[in-house]
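Following: one structure in structure tokens, then a few remarks.
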Amino acid sequence: VVAYYNGIRIQPGETIGRTGYGIYLDWENDLTRKTSVIFDIPKKYQSSSDYTSTLGHKLNHSFKPNCEWVRVQHPCYGRIPAIQTIQKVKKGEELFVHYGMDMEEAPDWYL
């Protein structure tokens, strides 16, 4: 595991608006997403100068990632998303993860 992803836990049906940082805890399919908690990071905490408790929200997207999303049991935060490498990564190499967005709803920068 190279990074954890924690934030405000939003229950199914609730929202804090579109922040661009929301991630489902159970992301496998439409059925699991309907009942999943969402972790989100409000705008005022998206900068590393304001929030560094977990840094999974700082990895960039790639369709050819060197990391993947997993779930872990964190000693302080409980069950949360995390990121682990899927191949050897050299010192100084940037980490990328596939965001897994629905192509129908994805913003232009994602494509």
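No hydrogens, no waters, no symmetry mates; every other heavy atom, side chains included, goes into these values.
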Transitive ILVMFWY side-chain link I86 to W27, under 4.5 Å:
no
G17 to D40 - nearest heavy-atom pair and separation
O-OD2, 4.0 Å
Rounded to the nearest 0.5 Å, the OG atom of S47 sits from the CD1 atom of I41 at a distance of 11.5 Å
Please test Q84 against C67 for side chain to side chain contact (heavy atoms under 4.5 Å, CB included), starting from the C-alpha separation and ending with a verdict.
CA-CA 5 Å; Q84 70 180 12; C67 298; over 6 Å; no
Connected via hydrophobic side-chain network under 4.5 Å: Y77 and I23:
yes
Heavy-atom distance under 4.5 Å between the side chains of H98 and F63, does that happen here?
yes
Does a side-chain heavy-atom distance below 4.5 Å link P81 with V70?
no
For residues M101 and I83: do they belong to one hydrophobic cluster (side chain heavy atoms under 4.5 Å, members Ile, Leu, Val, Met, Phe, Trp, Tyr)?
yes
Carefully, step by step, assess L31 and R33 under the rule side chain to side chain contact (heavy atoms under 4.5 Å, CB included).
CA-CA 5 Å; L31 182 61; R33 287 190 295 270; over 6 Å; no
Over all atoms of both residues, closest heavy-atom pair of N6 and T54
N-OG1, 3.0 Å
Just do the side chain to side chain contact (heavy atoms under 4.5 Å, CB included) check on K43 and T19 with the steps written out, would you?
CA-CA 6 Å; K43 187 172 181 75; T19 67; 5.9 Å; no
Between the side chains of E28 and K34, is the shortest nitrogen-to-carboxylate-oxygen separation below 4.0 Å, so that they form an ion pair?
no
Cluster question for you: counting only ILVMFWY and a side-chain heavy-atom cut-off of under 4.5 Å, with indirect links fine, are I16 and I80 together?
yes
Which residues share a salt bridge (Lys or Arg N to Asp or Glu O under 4.0 Å) with R9, sequence neighbours left out:
none
If we only count heavy atoms from C-beta on, is the W69 to V97 side-chain gap below 4.5 Å?
yes
Examine F96 together with H61 and report whether their ring centres are nearer than 6.0 Å.
no
V72 and L25: same hydrophobic cluster, using ILVMFWY side-chain contacts below 4.5 Å?
yes
Apply side chain to side chain contact (heavy atoms under 4.5 Å, CB included) to the pair Q11 and V37, showing each step before the final yes or no.
CA-CA 5 Å; Q11 298 303 314; V37 168; 3.8 Å; yes
Note: S48 and K58 closest approach over all heavy atoms is OG-CE, 3.2 Å
With heavy-atom distances below 4.5 Å as the criterion, would you say the side chains of N66 and L95 are in contact?
yes
Within 6.0 Å of OH in Y99, more than 12 heavy atoms from elsewhere:
yes
Test ring pair (Phe, Tyr, Trp, His ring centres under 6.0 Å), reference H74, set Y4, F39, Y5, output is Y4
Please identify each residue that fulfils ring-ring contact (aromatic ring centres under 6.0 Å, His included) with Y21, with sequence neighbours left out.
H57
Before accepting this row, confirm whether a basic side-chain N of the pair D26/R79 lies closer than 4.0 Å to the acidic partner's carboxylate O.
yes
